[in-house]
Amino acid sequence: MMTTLRALAENEAELAEMKLYEDEHCIAILASKPFSLCHIVLFPRTHATILEQLPDALIQHLFHVSNKLSQVLFESLNIQGTNILIQNGVPAGQDDPQISIHIIARTENDGIKLDWEPKKISEEEMSIAELQYQKAAEEMTHETEQPPPEKSEAAKPEEISDEEEENYLIKYFERKA
Amino acid sequence: MEQQNESEEELMERIKQMSPEELKAFQKSRCIFCHIAAGKIPSKKVYEDDKAFAVLDINPATKGHALVMPKEHYAIMPQVPDAELAHLSTVVKQLSQAALQSLGARGTSILIQNGFAAGQKAQHFLIHVIPRTQDDGIGIRPERKTLSSENYTSLRDRLRQKISGQAPQDTPTQATEQQSKTPIEQSLAEANTELASANKDIDSLKDAVSKNNIDDEQPAATKKKEGADLDSISRMFGVK
């Protein structure tokens with residue numbers, strides 16, 4: 001049974017077994033079912049399901065700590081590489097409702113599936129993607145320049161749906177376990 | 001150019017004699033991404049500012065596969081200054097959000113490859129942002145392995161030792177333990193002070209959480225505008 005990261009963070013005894021590093025913003029544990037010979041999972045204390053729900057400053061801190069943990073792996077073990085992976089969303093392989101960063105030790109020809117077959121994308125599709133990103137960037141700049149919209153209308157329905165979502169996610173993972 | 005008449009051995013010799021600055025300049029001159037940053041090679045740029053840029057990968061895992069990188073040349077991650085890495089992470093978040101909101105993605109894979117064994121191909125530090133959809137058949141599906149509890153414990157202890165910097169034979173006094181931090185702990189502590197100034201934002205967000213049960217003010221605006229998109233993606237947990 002794999003406990004969720006949130007449950008683990010609240011279980012002092014279990015966390016003490018697995019914890020490698022912690023500070024006021026995040027916790028790093030050694031994965032018990034690793035992707036490779038050694039795999040660290042770093043997660044923020046703030047509850048969030050996807051990366052976009054985290055404030056920028058926290059994401060910056062997480063990348064900083066991931067960089068340091070990657071160096072720790074290089075310096076402690078006889079490895080030839082590390083991957084830093086965020087499985088942001090179920091289609092990206094996310095299997096825990098708490099967003100986390102994986103720092104994965106690699107050795108030559110270890111066969112870990114972290115690569116892909118290049119796809120043939122037409123020039124047209126590439127141009128469309130380029131435009132979509134550029135349009136999204138414009139919209140985001142435009143948003144940050146606007147005053148924040150009224151929260152009162154949407155607050156209540158979102159309040160309920162956030163709670164429902166949490167219960168649903170926790171129940172889903174408890175069922176799985 | 002002289003270089004074209006050099007044999008490989010001569011070139012290797014020349015490389016060995018180079019100072020770090022000369023070596024860096026040499027790498028830069030041969031770096032395709034530095035050329036792209038300088039506009040010498042055409043590319044599909046999807047983001048640019050003074051310090052960083054992002055282009056579409058010409059050998060993509062899928063449509064919208066973007067590479068986020070610093071304009072400055074750094075071959076490997078430890079060489080990237082903390083402030084630049086922090087900035088890159090913000091660009092990554094922005095592009096990932098764009099992929100979810102505007103490119104039809106239902107998830108994104110964010111990947112850094114440190115070292116050839118990890119799949120690193122370019123000599124210029126970069127971060128992959130790969131849009132994902134359910135059952136898209138893209139690799140990047142690492143499998144969970146089993147680890148004996150013995151191996152787990154010995155790995156864990158070895159890493160803890162490295163992180164806290166305590167050698168087994170040393171018995172430092174309480175005072176020296178507190179004073180002397182390993183370089184890693186020092187830089188992690190420094191990162192905390194950098195974040196401390198942003199703590200005000202997080203504290204006010206925590207207040208917002210307890211009052212409104214909304215996770216974060218900033219995406220609330222996004223959530224509102226794009227309605228279901230980010231919410232529905234985070235709700236995909238439970239839909240398989």
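Letters go in sequence order (proteins before strands), and every chain restarts at 1.
The residue among A:S127, A:A137, A:S66 with the most heavy atom pairs within less than 4.5 Å of chain B is A:S127. Interface remark: of the candidates A:K120, A:E130, A:K119, A:E130 forms the most heavy-atom pairs closer than 4.5 Å to chain B. In terms of heavy-atom pairs under 4.5 Å with chain B, the best-connected choice from A:E117, A:E17, A:E108, A:E125 is A:E17. If you tally non-hydrogen atom pairs under 4.5 Å between each of B:G104, B:A118, B:G115 and chain A, the highest count goes to B:A118. Between chain B and the residues A:I101, A:I59, A:L30, the largest count of heavy-atom pairs under 4.5 Å involves A:L30. Taking B:V80, B:I138, B:L95 one by one and counting their heavy-atom pairs under 4.5 Å with chain A, the maximum is reached by B:L95. Across B:G119, B:P142, B:S149, B:S96, the residue that shares the most heavy-atom pairs under 4.5 angstrom with chain A is B:P142. Heavy-atom pairs under 4.5 Å with chain B were tallied for A:G81, A:A31, A:P34; the largest tally goes to A:P34. Taking chain A as the reference chain and counting heavy-atom pairs below 4.5 Å, the highest number among B:A117, B:G139, B:G137, B:G64 is found for B:A117.
In this structure, the separation between CE on B:M77 and CZ on A:F63 is 7.0 Å, given to the nearest 0.5 Å. Note that OG1 of B:T108 is 8.0 Å distant from CD1 of A:I86, once rounded to the nearest 0.5 Å. With values rounded to the nearest 0.5 angstrom, B:I140 atom CD1 is found 7.5 Å from A:L85 atom CG. Taken to the nearest 0.5 Å, the CE atom of A:M126 stands 9.5 Å off from the OG atom of B:S43. Note: A:H39 NE2 to B:K145 NZ = 11.5 Å, rounded to the nearest 0.5 Å. Note that CG of A:L58 and OG of B:S89 are 10.0 Å apart. Values are rounded to the nearest 0.5 Å.
Side chains of B:D82 and A:K68 form a contact here, defined as non-hydrogen atoms less than 4.5 Å apart. Residues B:E143 and A:F35 are not in side-chain contact: their nearest non-hydrogen atoms beyond the backbone lie 4.5 Å or more apart. Using a 4.5 Å heavy-atom cutoff, the side chains of A:D95 and B:R144 are in contact. At least one side-chain heavy atom of B:T90 sits less than 4.5 Å from a side-chain heavy atom of A:Q60.
Checking side-chain atoms of B:R132 against main-chain N and O of A:V90 turns up no donor-acceptor pair under 3.5 Å. Checking side-chain atoms of B:Q94 against main-chain N and O of A:A136 turns up no donor-acceptor pair under 3.5 Å. Side-chain atoms of A:E52 come within 3.5 Å of backbone N or O of B:Q97 as a donor-acceptor pair. Listed for the B:K162 side chain is no donor-acceptor partner under 3.5 Å among the backbone atoms of A:L77. For the pair A:Y133 (side chain) and B:Y47 (backbone), a donor-acceptor distance under 3.5 Å is absent.
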*asked:* Working note: B:L111 + A:N83, criterion side-chain contact (heavy atoms from CB on, under 4.5 Å); need CA distance, chi angles, decisive distance, verdict.
replied: CA-CA 7 Å; B:L111 180 66; A:N83 287 112; 3.9 Å; yes
*Please walk me through it: do B:I127 and A:I84 pass side-chain contact (heavy atoms from CB on, under 4.5 Å)?*
CA-CA 9 Å; B:I127 304 173; A:I84 294 170; over 6 Å; no
*Starting from the C-alpha separation in whole Å, work towards a yes-or-no answer on side-chain contact (heavy atoms from CB on, under 4.5 Å) for A:T82 and B:I112.*
CA-CA 8 Å; A:T82 63; B:I112 297 173; over 6 Å; no
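Proximity to chain B (any heavy atom under 4.5 Å) is restricted, for A:S36, to the backbone atoms N, CA, C and O. Neither the backbone nor the side chain of B:A54 comes within contact range of chain A; no heavy atoms are under 4.5 Å apart. Contacts between A:S70 and chain B at a heavy-atom distance below 4.5 Å involve the side chain alone, from C-beta outward. Neither the backbone nor the side chain of A:I79 comes within contact range of chain B, judged by heavy atoms closer than 4.5 Å.
Environment of CG in A:N78: sparse, with no more than 12 heavy atoms of neighbouring residues, nucleotides or ligands closer than 6.0 Å. Within 6.0 Å of atom CD1 in B:I76, more than 12 heavy atoms from other residues, nucleotides or ligands are found, so the atom counts as buried in its surroundings.
Contact residues of residues 109-116 of chain A toward chain B are A:I112, A:K113, A:L114, A:D115, A:W116 (heavy-atom distance under 4.5 Å).
Nearest heavy-atom pair across A:N88 and B:L100 is ND2-CD1, 4.3 Å. Of all heavy-atom pairs between B:L147 and A:S32, the closest is CB-O, 4.0 Å.
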Please list, one pair per line, the donor and acceptor atoms closer than 3.5 Å that link side chains of residues 55-63 of chain B to other protein atoms, with sequence neighbours excluded.
from	atom 1	to	atom 2	distance (Å)
B:D57	OD1	B:N59	N	2.8

